[in-house]
Every structure is written in C-alpha cells, then in structure tokens.
Amino acid sequence: MKEYDHKEIEKKWKNKWIEDKLYETPQKKEGAENFYTLVEFPYPSGNLHIGHWYAFAIPDIYARFMRMQGKNVLYPIGFDSFGLPAENAAIKHGLDPKKWTYGNIDYMKMQLQSMGTMFDWSRELRTSDPKYYKWTQWIFTKMFEKGLAYKAETTVNWCSSCKTVLANEQVVDGKCERCGTEIEKRKQKQWMLKITDYAERLLNDLDDLDWPEQIKEQQRNWIGRSEGSLINFITEDTIENISVFTTRADTLFGVTYLVVAPEHELIDSALSENKSRIKNKEEVRKYVQKSIKKSELERQANQKEKTGVLLEGITAINPANNMEIPVFVSDYVLGGYGTGAVMAVPAHDQRDFEFAEKFNLPVVQVIAPIFVDKDNPPLEGKDISPRRNVQVIVKHPTEDRIIQIQWKQQPWKTFVIGGVEEGESYEDAVLREVQEETGYKNVGKIERIGWQMESRFYVAHKDVNRKAFSQVFYIELRDLEKDEITQEEKGLHDVVWVPIDNFRDFNPVSELPHIQEFFSVERHAYTGEGILINSGEFDGSLSTEVQKSITEKVNGNLKTTFKLRDWSIGRQRYWGTPIPIVFDPDGKPHAVPEEHLPWILPEDVDFTPTGKAPLDKSEMLKKNTEDIFGKGWTPEVETMDTFIDSSWYFLRYIDVHNKESISSLEAQKAWMPVGQYFGGSEHTTLHLLYSRFLQKVLFDIGAVAEMEPFRKRINRGLIMGPDGQKMSKSKGNVVDPDAMVEKVGADVVRMYLAFIGPYGEAGSYPWDMGGIAGIRRFLERLCGLEAYIEKEGVSERVEKELHKMLKKVTSDMSEFKFNTAISAMMIFLNHVEKTKSLTKEQYQMTLKILAPFAPYLAEELWSKVVAGSESIHVQSWPKYDHEKIMDAETTIAVQVDGKMRGTIRVPVGSTEGDVVQKIKETEEIFRWISASYELKKFIPDRLVSFATDTKV
RNA sequence: GGGCCAAUGGCGGAAUUGGUAUACGCGCAACACUUAAAAUGUUGUCCGCAACGCGGAUGAGGGUUCGAUUCCCUCUUGGCCCACCA
C-alpha cells in the first residue's frame, strides 16, 4: 500500500498550477468552443463554510470535465463585496468597512484556492471596486434616463434595528431577513426600479429557457399574472367612483358591499376635504392610521380576525343589479395590488365571507355548485327533467340521531328528500316532505345548510336524467308525536334513526363538501365553479364562461394584473454603490454624467446609524457636487441595494478590464449567454429574476446582444449537519471545512460532497463522518493501483469494465449525477483489485477520469507514471470503445405472469425462437409455464415475458 | 389557503426512464491478521416461513399493463417557496 500524503501533494501542485498559469482562460482558443460555467459569487463574510465547498467545488468538477472534453471553459470567481455586515462591523467594532471586507477577501481567496478549483483568478472582480461600480452606476443612469428609475412616495418596510429600508423580498415572516427585527411600515420617498414594465416579457421569455420546470414555475408564480376585470362602482354622490379589480366577474350579482384598503386614495381625499360625505371621519382616521402603522407581523397574526370600519354616508351602486351597497375600509385589502379596492362577494370568497359574518352583512349566493352523482350518472340520450328539491336532515328531539330513509326499490340511503312543487316555497316543501315520509309533525326552526346546488343524476324508476336544484335543511324535532304515514310511502322506504356520525353512509349527497362542513361545524364560502343563479339574464350560465359578458354589460374593462411590484432599491446605508444622482437648486434630480463616473463613495463618514443615510454627513461629497455642478446643487445620499451589483456581474467577468463599457459586444459574443449557472434555490425569485430584468434593460439600450443571461440553471441542495439539522453555531453541528481538509485532504472533501447525492436536485444531505472515511479509503486504494501495473498480464475483463465505467461516468457527469459516476469508479476499482491486473494505458485512463474529482491526487499519480508530461488537467477526456463493452453472451430475464422465474444465458442477438427453445430446455423455468401459454413480450438480449392465464 | 416537490433497507442513495428492486458507500455481524486494540482483508447483511424452496415488500389504497419504484386517480406524511394577491 502506497502512502497518500494529501498535505504534501496539495502544497506541491497548488503552487505549480499557479506558476504554470494553468487556469487562465483565453478569450478564444484554437479549435475549442467557448463554454461559460458560472457559480454565484460569495459575499466575503470572513471564511468559507461547508456550503461554499458544495457551491464551488462541485461545479468545478463539471467545469474540469467540460475542459477535458475540449471546451475552452471559463470558470470565474469574484466577491459580492458591498453589504450590510461590513457596515455592522464598522458600527460595532469601529473597523473600516473597506479594510474589514478586503481582509476577509484575502483570507477567503486562500481558502478557495485550497479547494483545488480551476478558477481563473486573473478575472477576479469585486463589486465594491470603483472600476466595477462605475458600471453599476452607469446602468442606473441609463435606467434613470429611460424613466425606469424613479423616486416615489411609497410605503416601505423599515427595519428599526438596521435603520434602513428593505425590499419586500428581504422581509421574511414580517421580520428583517438579516437581523430578525420586526418590520414597521413607513411612508418614504424611495428610489424604485420599474421592473413591472418588464413583467410580461419576464414571464413570456421563461417558456424558451432550458431551466428546470420547477424554477420557471416559481418565477411565474412570483410574477403572478392574473387576468380579470376592472369594474367601476358609482358611489352615491357620483364624484368618488370606486374601481375594483376582480378575477371573478361572474360573481358580480353577489356583491353586497365594497372594501377599500387603508391606503386607498378615496380615504385620503375623504379625510382631508370638507365636502366629503363621510360622517364618521374620526373613527375612519383612527382605523387607517392604526393599520398603516401595523407591522407586517401583526397584520399576519390577525389573519383570522377581520377588522374594518363602515364609511358612513357613502354608498355605492352594484352596476349589475343597481342595488345600493355599503363601503368599508379594512386592512384585509392590500393597497399595493390591483386598485386597492375589492368588491366583496361573501358567498364565494372566504375572506369576504368572514368579514360579512363579523359585520352581519347579507350573503347572496350566485353560483351553484354542480354535483354529478358518480353512482347514478346521467345517461346519454335520456330526457333531462329539471326540478327543485329539498333534502332535510331531521334530528331526534333528545338523542344524537338523525333520520335515514332506506329505499326499498333502490340501493339508496338518503335524508328526507323530495321535490318542491310549483309555487311552493322551499320551507313549505320541507314541512310537507317530513310529514309525508316520516309522519313527524312538530318541528323546530328550519335552518338552511350550505349552498343551493345543482345535482345531476339518472333516476332509474322514472328513466330520466334529473337536473335538480336542491337545498339542504336541518330541523330538530320537538317531540316524537307523529301521524300514520300512507301505505304507498311505507312501500317505498323505511325510516331509520342512525347516529349522527354515520352521515357518510348517506348516498349520494353526503359526499358533498357543504354537508360534511355542516357536520364538522365549519362554515365556508363556496369558491368553486358552477351555475349562475340570482343573476338576472345570466341565470343558468356556467360561471367560467361569463367573465367577459358580465364585464361588458357593466362597462368594465378586461385587465391583466401582476403580483410583481416595482423594486425599491434605495438604502440609507454607507457600504454600497452610491446612487449617481444630484439635485439642482429646485430639487430636481439629474443623473451624474458618464464622464464623472465612478461617482466615488466618500470616506469621510460617521457610521452611527441615525435613520439618515451616512453619506448625508460627508463634506467631501457635498463639496464635490458643488464643484462640479455649481452652488446649491446637492448629492443623493442613498446607496443601492446590493442585488443590483450582483444582477450584472456575469457580464463583467468576460471582459473584466474593459474601460469603455460593461463588456464589449465581442466578448459577449464569445461567452454569453452563460452556458451553465449553478446556484442556490433561495435566489430563484430574487437574484435570478433581477438579473433577467437588467439583461433585458441592457438589451433594449443596445448594451448587450442577448435577451436572456443564463442558458441553463441548476439549483443545488443543502448540506446539513451530521444530526440532519441545518448547521448552526448554536446547535454545535457545524462542520469546519478547513479542519476536514487538514485531516483528509481537499480531494476527499470534494469527492465526498459529490458522492452525497445528485447535484441537480435541491434536496438536503446530512454530513456523514463515516461516509467521508469511505471516500478517503477509496482514494487510498487508488494509490495502491500502481503496484498492479503489468504484473498479472492483460485481463480482457478489466478492459471491458474500464470502458463500461468510462461510458457511465461520461453520461452521468453531463447530467450532474456525480454520485453515480463515483460509484461506477468504485465498481471498476473493485474489479481491478480482484484480478490484480492492470495495464499502463488502463491506469492512465483511470487517472484521467479521476482528474476532475480529485485534481491533486490525479495530478500527482499522473506525474509519476507519465514522466515529463503536461498536466493531467489539459489532457483530453478518454472516449469509450463500444466494441469493448459488447458481451458475447447476455442474461435474459424470464417472467411468467409478471413474476420473475429465472434467467438464462444466451448469445447476444439470439432470436425469439432460440430463446424460447432454450427456456423449454431449462426445467426449473419451464415448469412454471403450463401447456398453454402466450408469449407476451420479447425484448432482445433483455427479457421475455409469458402469460399462462387463459382468461387473457 | 395557493404553488412546487418528495416518500425505496438501520442511514445517504441506485435502478438502462414501463422490463431481473435495493447498485455504490456508510453502518452492523462473523472470521482472519494481532498479546490486545486500531488499521487492513475476507464473507455476510430487505422481511416472513415447516428455509438449496416459496411468499411478501419501493408511504397507504385503487386503476391501466403480460409486467409499475417508474404512468393515472384518491389519501397520508414530510420539505421548499409564496401567502388576506380579490
């Protein structure tokens, strides 16, 4: 056994590779196609955790593989080096954010290099470098010129601890994503980017992307396109119309009130103007102020309990039926979505339903669910006989029992059930049917249960299809006094008392949700589809088909709305890209002209958070502004959200020293779009969407030639602690990569992470100390292979296994299944050790396959066996030989009636006849096949399947 | 509440995409080497039984099929994302 001294090997090759500039990627390489492999760059937090290894070292395996496949592979790295932690270090420990950040970078660079990655460090970038942020600012000024960057009064998320504004995406569970402090709502003038202008394109262009469907779907949901109608409700005084957005115009006849958000403009004007008709101004003002100040968390915590205030003095007209309806203000309506006002349909919207119950508002059903009886479905070609009927749940006066009607001619168990006669009310029909069918006559209050519905079923004894409008009622008997029922009724059914919980035995109607709800004492709105009722000329139409016609009838407009909101990007912070805007003496904003970019981040600032931006105190910035633009001009003092920095960094790597543009079109032509982008799933709706947005903006101004930045995308999984929990210092389950590398070597850590599970599925994998020992053993055994070379002669078997392995590894790597690729290598090693036979060529090929996984060890062993050779990492990937994999004989599985009954060995390419003949000769298999059998399937060289079942 | 995804031995996971379920690794057990342990090696390791055989098993139940971990339906559990989005 040869010694595997990982420390020695790693030290040796790390330096050699740097000396030889092994990983510097030229813009073009003779005879090689360019391939851009990208991984999300890190924030320089101080040191690498095991997640970083998973993020960078595994894509490195892929990058190396592509390089050996003959591609000119770009695998760049940089640092997302602006951001809050640097500033927090400054505030807490009085450190210079720049020094703190750059010190961290130096250390992390060393760690990254220890991984054995093929990063091209000559292209390293840092977003806090003026040479970089000059172009971030340039992009901003272009957006400003196009009206895509604007300052607007909005309600913002304010973190009182970080003393800054956060984007919606940075608020998690109503708390600050960074520090966990509860978020308050504040109104503030705020720089915004108009991503909503691009919503449609961001959505549509997803279709053509070669990304996992899951990721695309998540972005689609985030963009949240919905098609609905804008409908105008005229208020009594006709001055203040209220426009609402709805996706359920079909329920318009069921609107019994309107609700506006606390932020709605109607409230603003009504409270300020004297002529407003609102009578309870004080009450409204108090409610609105309270709810706007309410934190996100409170708003969510109060989800169950609806609150609101009636706007006294204002009524609106339902344009569908001219009914007068009240108007409320409530915070269950969002100011920022749609028009900030909703039409409330309590019968068919759960939130409206809850609100109506609390405020005692009328509930009008306009959609009737359609119930098709599965046991007695309508038969085609039969007449349809429409009918109204009632179903009555009759409760025993003292016991928890209800009446079940057991039919004699049909296999039915039902409630009391019967038709409503012409001119008869539902309630009268209930009393009559109960008396006719059961004889009981002293009943309590009649209660309607759930919604009217349309049932469709076939009535066998009348040979018609019934389409019945039915309503369920509940009554409690006052006593058991009853009249004798008629002989005719007696002949039809028995009346039986059954326990209340047996309601599921009732068929078919008890399957209906609202019956079930009744018994579980929950009440819900009916939000599904159905047939329109109480809707004038639309009665009888299908709810899914009337949105357009109802909208047109009331002069509404069809309208598309998005959930996506504009991106708020201003930060009252220091350590970020300064917003390159100056204000003239009238306060009008102007972009800093390109010749003055980069608009430098001044260094004479005080970091103590005050709620005002630190740059506000920079004399240097003020002076610089006046010097350039003149007296009375003032600078913008906010910095940008760091997500902007990272929304275009991939365009910089490809031409990192360009002084004329973000990157030349020539460089873009060489590299863009990114061929493979690896990252974390947490960036699906943030970074990934923002990058696509900026790319499209840049495309529109001609700065880039591609409309989409990333051709392919893979979201990696999560590495958990050995206990299966998320790693955290407080749980004490953190795995320190540096210590692991020290102990077992970088190659082992890389390879173990690759072996832990498939890379392209965002699962979570626990770190297993035993597992990593297994990989270490594997590499140690590989070190021992050299001893077998040319010792035992040539084994055909080993040659075949080698090519099989090569084939498997090659295809697995293309699909990011590094785990099974490694498993194939292990299987091969097991074969070699068994036969102890290996040629020099076979050994070299094995090392090449190992090279992307364990770059240090492969290089070391390679240098020993191929004297004076170039690095193994510039060798080309071996090709497998199909001929060598071919077997002369193959194993065929024999199935009988779907069960495995044995295998036979036959020459490759045997015909069906040969195989059957062989089976007939094989007693232990043939005994399963009775005299009469049928050959169901013959797959050459694989399987044969028989059926003996004569029924088939 | 909505969307997406998953569920296979004691554990991480394989399975040619509808064709021999449990590859590979870990763990465990026995044995060898050793004074002993570690390391290493060899063998075994889904479950049941009247055990060289047969039956059962891929979260549960049903369906399609000669054949289902794979496709379809219902349900259960778990994960991720979103969430009073009209």
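Since the model is a prediction, treat every value here as computed from it, not as a measurement. All values below come from the heavy atoms of this structure, side chains included, with hydrogens, waters and symmetry mates left out. Proteins get letters first, then strands, A, B, ... in listed order; numbering begins at 1 in each.
- The separation between A:Asn715 atom CG and B:C5 atom P is 14 Å, rounded to whole Å.
- Screening A:Tyr765, A:Phe816, A:Tyr54 for a ring pair (Phe, Tyr, Trp, His ring centres under 6.0 Å) with A:Tyr759, the sole residue that qualifies is A:Tyr54.
- A:Glu40 and A:His687 share no donor-acceptor pair across their side chains, judged by distance under 3.5 Å alone.
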#### Entry: Derivation of the salt bridge (Lys or Arg N to Asp or Glu O under 4.0 Å) call for A:Asp207 and A:Arg220
CA-CA 10 Å; A:Asp207 294 346; A:Arg220 284 188 193 112; 3.2 Å; yes
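- Within the nucleic acid shown, A:Thr246 comes within 4.0 Å of sugar-phosphate atoms alone, with no base atom in reach, counting heavy atoms only.
- At the heavy-atom level, A:Thr247 lies under 4.0 Å from the strands shown only through sugar-phosphate atoms.
- Among the atoms of the strands shown, base atoms are found under 4.0 Å from some heavy atom of A:Leu943.
- Sequence neighbours left out, the pairs with a member in residues 760-778 of chain A that pass salt bridge (charged side-chain N to carboxylate O under 4.0 Å, His left out) are A:Arg776-A:Glu780.
- Contact annotation for A:Thr561: no contact, since no heavy-atom pair falls under 4.0 Å across all strands.
- Taking side-chain N and O atoms only, A:Tyr332 has no distance below 4.0 Å to OP1 or OP2 of B:A86.
- Taking the C1' atom of each, B:C26 and B:C80 are spaced 27 Å apart, rounded to whole Å.
- Judged purely by distance below 3.5 Å, without hydrogens or angles, the side chains of A:Gln218 and A:Gln214 never pair a donor atom with an acceptor atom.
- Residue A:Gln895 is in base contact, counting any heavy-atom pair closer than 4.0 Å across all strands shown.
- When heavy atoms are screened at a 4.0 angstrom cut-off, A:Gly338 is found touching no nucleic acid atom at all.
- Taking 4.0 angstrom as the limit, A:Lys817 places a side-chain polar atom (N or O) nearer than this to OP1 or OP2 of B:A15.
- Under the side chain to side chain donor-acceptor pair (under 3.5 Å) criterion, A:Asn557 pairs with no residue at all, not counting sequence neighbours.
- Among the nucleotides B:C84, B:C82, B:U20, the one closest to any side-chain atom of A:Lys306 is B:C84.
- Taking the six-membered ring for Trp and thresholds of 30 and 60 degrees, A:Phe818 and A:Phe853 have ring planes more than 60 degrees apart, a perpendicular arrangement.
- An OP1 or OP2 oxygen of B:U40 is reached within less than 4.0 angstrom by a side-chain nitrogen or oxygen of A:Arg777.
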Pull out every protein N or O sitting under 3.5 Å from an N or O of nucleotides 51-56 of chain B, one pair per line with the distance.
residue	atom	partner	partner atom	Å
B:C54	OP1	A:Arg927	NH2	2.8
B:G55	OP1	A:Arg901	NH2	3.3
B:G55	OP2	A:Arg901	NH1	3.2

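- Using modelled atom types, one side-chain atom of A:Asp566 and one backbone atom of A:Ile195 make a donor-acceptor pair closer than 3.5 Å.
- A:Thr307 and A:Tyr287 form a side-chain donor-acceptor contact under 3.5 Å, judged by distance and modelled atom types alone.
- Contact annotation: side chain of A:Arg942 to base of B:U20, donor-acceptor pair absent below 3.5 Å.
- Identified under the salt bridge (charged side-chain N to carboxylate O under 4.0 Å, His left out) test for residues 682-692 of chain A, with sequence neighbours left out: A:Arg692-A:Glu708.
- Rounded to a whole angstrom, the distance from the P atom of B:C72 to that of B:C4 is 14 Å.
- A gap of 36 Å separates the P atoms of B:C66 and B:C11, to the nearest Å.
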Pull out every protein N or O sitting under 3.5 Å from an N or O of nucleotides 10-13 of chain B, one pair per line with the distance.
residue	atom	partner	partner atom	Å
B:G12	O2'	A:Ile756	O	2.7
B:G13	O3'	A:Asn819	ND2	3.4

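- Aromatic rings of A:Trp567 and A:Phe643 (six-membered ring for Trp) have centroids beyond the 6.0 Å cut-off, not under it.
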### Task
Dump the intermediate steps for side chain to side chain contact (heavy atoms under 4.5 Å, CB included) on A:Met826 and A:Ile775, then the final yes or no.
CA-CA 10 Å; A:Met826 288 170 166; A:Ile775 294 289; 3.9 Å; yes
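- Within the 4.0 angstrom heavy-atom criterion, no nucleotide atom of any strand lies near A:Asp352.
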## Note on the structure
For RNA chain B, the expected dot-bracket line (Watson-Crick or G-U under 3.5 Å, [ ] crossing, | inter-strand) is (((((((..(((......[....)))((((((.......))))))((((...))))..(((((..]....))))))))))))....
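- Atom-to-atom, CG of A:Asn221 to C1' of B:G3 comes out at 5 Å; the value is rounded to the nearest Å.
- A straight line from CD of A:Gln218 to P of B:G2 spans 18 Å, rounded to a whole angstrom.
- Atom CD of A:Glu265 is surrounded by 12 or fewer heavy atoms from other residues, nucleotides or ligands within 6.0 Å.
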